[in-house]
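Convention: sequence-line order gives letters A, B, ...; per-chain numbering from 1. Values below: every heavy atom of this structure, side chains too, minus hydrogens, waters and symmetry copies.
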Amino acid sequence: MSTQQLIEPRTLKGFRDYLPEIMIPRERLMETARRVYRSYGFSPIDTPALEYLEILAGKGSDETDRQMYRFEHGGRQVGMRFDLTIPLARFAAQHIGKLGTPFKRYHIAPVWRGENTQAGRYREFVQCDFDTIGTESVASDVETALVIHDLLKAIGIERFQVRINNRQILNGLLEQLGLLDRSQAVLRAIDKLEKLGPDVVDEELQRVGGLTAEQATTVLGLCNMNGDSNELLSQLEHALVGNDSGMAGVSRLRAIIDGLQAAGVSEDRYRVDVTIARGLDYYTGVVFETLLQDLPSIGSVCSGGRYDNLAGLYTKQHLPGIGASLGLDRLIAAMEQLNQLEKPKTTADVFVPFFDADRLNDYMKLCSVVRRGGYNVEFYPDSKKLGAQLKFADDRGFAVALVAGSDELNAGNCQVKDLRNKSSEVVHWSENPQPLLDAIAKIISSSTTSK
RNA sequence: GUGGUUGUAGCUCAGUUGGUUAGAGCGUCGGAUUGUGGUUCCGAAUGUCGGGGGUUCGAGUCCCCUCAUCCACCCCA
């Protein structure tokens with residue numbers, strides 16, 4: 001044997017391996033996202049993980065610049081994408097002539113941010129983005145909210161709430177107060193209201209934002225309004241009388257709320273929340289965040305908003321848009337913490353033990369017949385003790401095993417075994433597989449309804 | 001990036017004021033059972049005590065560094 005020193009197998013901080021029990025639900029979630037996006041007519045695209053540094057740098061914020069993985073290769077400065085929105089802007093500027101507007105795309109892919117890790121925060125994670133570009137229509141605002149709602153519903157999240165705001169509202173108020181140039185600091189301070197409370201935010205508004213005590217009180221007063229979405233909007237309207245931008249923001253929100261109601265979305269699934277501001281600088285209108293009510297501390301699992309002219313840095317063509325992004329890995333981390341994540345250990349429905357070591361070809365035939373009948377079948381590769389093989393199947397969570405030794409195979413039969421209650425039934429399958437498929441279907445349907 | 005938490009077998013952890021060959025439960029593997037699993041019984045394997053350095057006659061226990069982890073800030077999916 002070699003005495004060569006072994007290299008310790010390990011992964012970088014914030015980068016993870018995905019075992020089957022996580023990868024199976026992960027793939028299922030991506031599949032669900034694709035299905036929901038497609039149900040609204042979004043089409044898939046993909047872009048490179050690596051972009052010219054000039055494409056990515058300076059587009060998000062100072063913070064995203066700092067977090068970006070960047071390096072030199074072949075004399076070129078390159079960066080790894082830290083979101084899917086900036087690459088979309090570059091993509092749109094390059095291809096919108098061919099694509100035409102409005103253009104609706106979805107993009108499910110990993111992004112990289114070199115920040116410190118925390119629960120639900122990784123350095124490599126998958127985002128499931130969808131965006132509509134080339135229109136300012138309120139219809140696309142409503143649809144974005146609807147997609148977020150449908151998506152979480154389809155994933156099976158029971159308790160979530162989409163928080164909706166419009167940056168124009170706060171900007172309108174700031175305009176009235178003569179504080180428009182402070183909007184970024186104010187929005188960031190307000191974003192912390194729920195987490196840190198009004199006192200801390202009040203202090204930050206004055207210290208960081210440079211507001212007077214009176215101004216800070218007015219801003220906080222606007223944030224503290226109570227009531228349902230409609231009442232809230234009326235109060236905001238009242239507070240913003242005479243401010244065009246603010247009023248426009250309120251009427252946008254009202255249109256979205258009306259649209260959600262018309263689409264039959266239950267009222268506790270969304271809420272107008274003036275404190276939702278979003279950190280990224282490029283949002284200019286409606287913004288969304290989605291909170292899990294059973295685990296608010298993990299942060300938003302699906303966020304987005306409207307941007308006026310995202311591609312403006314790359315093209316002279318005016319391209320407004322709106323979109324949002326599901327944080328797949330954060331959502332999975334949350335579901336895991338809440339014990340809402342099923343962790344299957346197999347992708348197959350039916351288990352076939354290698355019972356008689358001399359009859360490999362018979363098992364190959366049996367498995368093929370069942371696969372052609374629409375089931376995933378796992379055949380055990382070693383003909384060891386039957387009990388051990390059945391234990392393997394049981395540990396993996398199989399519901400059905402097809403047991404056939406020489407007696408059964410000679411007669412063209414097999415035992416269809418229900419692994420949950422140990423019962424089994426002998427079925428003849430060699431000429432007509434239908435009775436076998438029916439017996440499998442019976443067990444599988446009874447085991448899934450009992451879950 | 002800043003501050004703090006934790007790091008002992010695959011998993012969950014115990015390990016007394018530093019003292020000889022580091023333990024338990026669960027899991028894994030083998031057997032009891034040469035055509036039928038989840039119970040029971042018997043038996044077995046597995047640790048450079050996260051890694052490196054230091055103090056000491058002696059370190060899993062103390063100190064420093066490092067890596068990882070979780071939490072808070074920051075930021076965000």
> According to side-chain hydrogen bond (donor to acceptor under 3.5 Å, both in side chains), who are the partners of Q293(A), at least two apart in sequence or on a separate chain?
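For Q293(A), no residue satisfies side-chain hydrogen bond (donor to acceptor under 3.5 Å, both in side chains) once neighbours in sequence are set aside.
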> With sequence neighbours excluded, tell me which residues meet side-chain hydrogen bond (donor to acceptor under 3.5 Å, both in side chains) with N309(A).
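Applying side-chain hydrogen bond (donor to acceptor under 3.5 Å, both in side chains) to N309(A) gives none.
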> Looking at residues at least two apart in the chain, or sitting in another chain, which of them share a side-chain hydrogen bond (donor to acceptor under 3.5 Å, both in side chains) with S140(A)?
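Only R306(A) meet the side-chain hydrogen bond (donor to acceptor under 3.5 Å, both in side chains) criterion with S140(A).
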> Who pairs with A411(A) by side chain to side chain contact (heavy atoms under 4.5 Å, CB included), at least two apart in sequence or on another chain?
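If we apply the side chain to side chain contact (heavy atoms under 4.5 Å, CB included) test to A411(A), skipping adjacent residues, the hits are N413(A).
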> Could you list all N or O pairs between the protein and nucleotides 30-36 of chain B that sit under 3.5 Å apart?
unit_1: G35(B); atom_1: O6; unit_2: D407(A); atom_2: N; d: 3.2
unit_1: G35(B); atom_1: O6; unit_2: D407(A); atom_2: OD1; d: 3.1
unit_1: G35(B); atom_1: O6; unit_2: D407(A); atom_2: OD2; d: 2.6
unit_1: G35(B); atom_1: N1; unit_2: E408(A); atom_2: OE1; d: 3.0
unit_1: G35(B); atom_1: N2; unit_2: E408(A); atom_2: OE1; d: 3.3
unit_1: G35(B); atom_1: N2; unit_2: E408(A); atom_2: OE2; d: 2.6
unit_1: G35(B); atom_1: N2; unit_2: Q415(A); atom_2: NE2; d: 3.1
unit_1: U36(B); atom_1: O2; unit_2: K417(A); atom_2: NZ; d: 3.1
unit_1: U36(B); atom_1: N3; unit_2: Q415(A); atom_2: OE1; d: 3.2
unit_1: U36(B); atom_1: O4; unit_2: Q415(A); atom_2: OE1; d: 3.0
unit_1: U36(B); atom_1: O4; unit_2: Q415(A); atom_2: NE2; d: 2.1

> Partners of F103(A) by ring-ring contact (aromatic ring centres under 6.0 Å, His included), sequence neighbours excluded?
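Testing F103(A) for ring-ring contact (aromatic ring centres under 6.0 Å, His included), a comparison that skips the adjacent residues, returns none.
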> Under the salt bridge (charged side-chain N to carboxylate O under 4.0 Å, His left out) rule, collect the residues that match up with K391(A), sequence neighbours excluded.
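Partners of K391(A) under the salt bridge (charged side-chain N to carboxylate O under 4.0 Å, His left out) test: D395(A).
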> If a stem is a run of at least 3 consecutive Watson-Crick or G-U pairs, both distances under 3.5 Å, which stems include RNA chain B?
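Looking at RNA chain B, the stems formed by three or more consecutive pairs are B:1-4 with B:70-73, B:10-13 with B:23-26, B:28-32 with B:40-44, B:50-54 with B:62-66.
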> Of all of residues 143-151 of chain A, which get a heavy atom below 4.0 angstrom from RNA chain B, listed by number?
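The stretch gives none, as no residue of it lies under 4.0 Å from the strand.
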> Report the residues that fulfil ring-ring contact (aromatic ring centres under 6.0 Å, His included) with H428(A), sequence neighbours left out, ordered by chain and then residue number.
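None.
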> Applying ring-ring contact (aromatic ring centres under 6.0 Å, His included), name anything that partners Y375(A), two or more places apart in sequence or on another chain.
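By the ring-ring contact (aromatic ring centres under 6.0 Å, His included) rule, Y375(A) matches no residue at all.
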> Quick test: give all pairs of protein nitrogen or oxygen and nucleotides 67-71 of chain B nitrogen or oxygen below 3.5 Å, distance rounded to 0.1 Å.
unit_1: U69(B); atom_1: OP2; unit_2: K13(A); atom_2: NZ; d: 3.4
unit_1: C71(B); atom_1: OP2; unit_2: A119(A); atom_2: N; d: 2.5

